[in-house]
Amino acid sequence: MIKLATLFSGIGAIEQSLIRLHQDYEIVFACDNGEIEVDIDIEKAKKEISHLHNKKEKKKYVDNLYSISRKTNFVKRSYLANYQINEDDFHLDVRLLDGTDYAGEVDLLVGGSPCQSFSSIGFQGGLEDARGTLFYDYARIIQEVQPKVFIYENVRGLTTHDEGRTWAKIKDIFMNTLHYKITEPRVLNASDFGIPQTRRRLFVVGIRDDLNVMDFEYPKGIGTENLPFYLQDLLEDNCAFDPINFNYYYDKNGNITINSIPGHPDERFILTPKVRDYVLKSGTKNFRTSIETDKPIARTLLKTMTQHHRAGVDNYITVGFDSEGKRIIRSLTDRECMRLMGYPDSFKIVVSPMQAFKQAGNSIVVDVMMAIVRNVIGTGVFDI
């Protein structure tokens, strides 16, 4: 069994990858604030927490800080609806999470952090040079928890951010402060791993120096030209959503399988003529964009999908023509977006479409994570 912990947990791409791989796992802890911003004096809060005796008291203290916000943590709602975890181990603020409460309990830690440059120039300060960034807390949790392996995910431009200084600092901390052997970052595209979406993200895998295992190698993927299906195949028009007999599911090998059964997506996703005309505009005098719709390989899903960007940014589907011969188009449904991230129909959507769009756009593609996990397991680092 793999003992798992996640930071910036989202809706559980690593959890879904282990489920689809039929790999036994246990969630030790998760942490995500659901993008809720609360005005907290962090240093004061840290001092207060340092006087508390156990993780339950610490969590209660942090939860009380967040209780002043009337906003709902929709990420937490989705996470708890889909995974087995003690709610006492779902944390709201990585900055106030004490990793020592979980020292030695975690095999695999997964997550990303916002890409931020470091103000310090030198490398002598180790983690101290990274203070003031959320990466500092990501690295601090690794140092305190000491997982066997971490998987770090970020935007593909991380290695060139701030003329390479950001990655140089991160790499130095991973290797020389935390003492993990890392394989140089690799940008992986979802469409190379069986999902019809152009989505390139950067991954870093670190294995603790003291573990005598094989070197990690990144998966190569099957290639976009070998996609088993395209966007049109997973639309609800052609693959109806059935909450009992799932039509978009994974088989005994973890591969997505589709039952081609006609369905009827909710009509609320059809654009009004006014919104349609805006979406299909090719631009203005000073700005031009593509108006291509019905792409077989979807554009990158964004968390801002609900804002009806132009057709050159988001994904729109033609569903017919009106009496004037103009196209009737719709956006992707929330279920279709989850499918495009590798989440089978057994994944429960318990939030509004707007929140589901945001959660899908923030997630890691499950199929990419599955390929990485297979290769991590192949190093022999886990006792399974």
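Start at 1 with the first residue, then count along the sequence.
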Between Tyr136 and Ser113, does any side-chain donor sit less than 3.5 Å from a side-chain acceptor?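 Tyr136 vs Ser113: no donor-acceptor pair found between side chains.
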
Cut-off 3.5 Å, side chains only: do Glu35 and Asn362 have a donor facing an acceptor? yes

Which of these, Lys56, Lys55, Lys58, sits in a side-chain hydrogen bond (donor to acceptor under 3.5 Å, both in side chains) with Asp101? Lys58

Applying a strict under-4.5 Å side-chain criterion to I, L, V, M, F, W and Y, I'd like to know whether [X] and [Y] cluster together.
X: Leu211; Y: Ile372; result: yes
X: Leu96; Y: Ile68; result: yes
X: Ile317; Y: Leu340; result: yes
X: Ile222; Y: Ile195; result: no
X: Val368; Y: Leu21; result: yes

Tell me whether the count of non-hydrogen atoms from other residues, nucleotides or ligands lying under 6.0 Å of [atom1] in [X] goes above 12.
X: Arg95; atom1: CZ; answer: yes
X: His22; atom1: NE2; answer: yes
X: Met214; atom1: CE; answer: no
X: Glu217; atom1: CD; answer: no
X: Glu267; atom1: CD; answer: no
X: Asn226; atom1: CG; answer: yes
X: Asp41; atom1: CG; answer: yes
X: Lys358; atom1: NZ; answer: no

Under 4.5 Å between any side-chain heavy atoms of [X] and [Y], yes or no?
X: Leu332; Y: Leu235; value: yes
X: Leu134; Y: Tyr138; value: no
X: Pro196; Y: Phe229; value: yes
X: Leu178; Y: Ile173; value: yes
X: Thr318; Y: Thr293; value: yes
X: Cys239; Y: Leu234; value: no
X: Tyr79; Y: Glu15; value: yes
X: Pro147; Y: Tyr180; value: yes

So, does [X] use its side chain to make a donor-acceptor pair with the main chain of [Y] at under 3.5 Å?
X: Tyr250; Y: Gly342; answer: no
X: Gln197; Y: Leu301; answer: yes
X: Arg208; Y: Gln146; answer: yes
X: Glu336; Y: Thr333; answer: yes
X: Arg276; Y: Arg327; answer: yes
X: Asp32; Y: Gly10; answer: yes
X: Arg199; Y: Thr300; answer: no
X: Asn253; Y: Asn255; answer: no
X: Asp192; Y: Thr224; answer: yes
X: Tyr83; Y: Ile11; answer: yes

Is the closest basic N to carboxylate O distance between [X] and [Y] below 4.0 Å?
X: Arg330; Y: Asp237; answer: yes
X: Lys59; Y: Asp89; answer: no
X: Asp107; Y: Lys148; answer: yes
X: Lys60; Y: Asp63; answer: no
X: Lys71; Y: Glu37; answer: no
X: Arg339; Y: Asp345; answer: yes

Minimal non-hydrogen separation, [X] against [Y], with atom names:
X: Gly34; Y: Val75; result: CA-CG2, 3.9 Å
X: Ala356; Y: Val351; result: N-CG2, 3.7 Å
X: Leu227; Y: Gly194; result: CD2-C, 3.5 Å
X: Tyr343; Y: Ala13; result: OH-N, 3.2 Å
X: Ile256; Y: Asp367; result: CG1-OD2, 4.3 Å
X: Val28; Y: Glu105; result: CG2-O, 3.6 Å

Applying side-chain contact (heavy atoms from CB on, under 4.5 Å), run through Leu158 and Ile170 and close with a yes or a no. CA-CA 10 Å; Leu158 175 66; Ile170 289 175; 4.0 Å; yes

When the aromatic ring centroids of Tyr248 and Phe246 are compared, is their separation below 6.0 Å?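 Between Tyr248 and Phe246, the centre distance exceeds or equals 6.0 Å.
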
Is the Tyr218-Phe203 ring centre distance short of 6.0 angstrom?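 Tyr218 vs Phe203: aromatic centres not under 6.0 Å.
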
Hey, could you give me the [atom1]/[atom2] distance between [X] and [Y], rounded to the nearest 0.5 Å?
X: Thr100; Y: Glu144; atom1: OG1; atom2: CD; answer: 5.5 Å
X: Trp167; Y: Glu184; atom1: CH2; atom2: CD; answer: 6.0 Å
X: Leu4; Y: Ile2; atom1: CG; atom2: CD1; answer: 8.0 Å
X: Phe347; Y: Met341; atom1: CZ; atom2: CE; answer: 11.0 Å
X: Thr198; Y: Ile297; atom1: OG1; atom2: CD1; answer: 5.5 Å
X: Lys46; Y: His51; atom1: NZ; atom2: NE2; answer: 14.5 Å

In sequence, state the C-alpha distance, the side-chain angles, and the governing distance for Leu280 and Tyr278, and then conclude on side-chain contact (heavy atoms from CB on, under 4.5 Å). CA-CA 6 Å; Leu280 292 179; Tyr278 170 78; over 6 Å; no

Would Phe29 and Leu97 count as a side-chain contact (heavy atoms from CB on, under 4.5 Å) if you check the C-alpha gap in whole Å, the side-chain angles of each, and the deciding distance to 0.1 Å? CA-CA 10 Å; Phe29 70 83; Leu97 175 59; 3.7 Å; yes

Going by the angle between their ring planes, with limits at 30° and 60°, are Phe174 and Phe135 parallel, tilted or perpendicular?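 Rings of Phe174 and Phe135: perpendicular, as their planes differ by over 60°.
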
Would you please test Val319 and Ile328 for side-chain contact (heavy atoms from CB on, under 4.5 Å) and show each step? CA-CA 6 Å; Val319 296; Ile328 300 171; 3.4 Å; yes

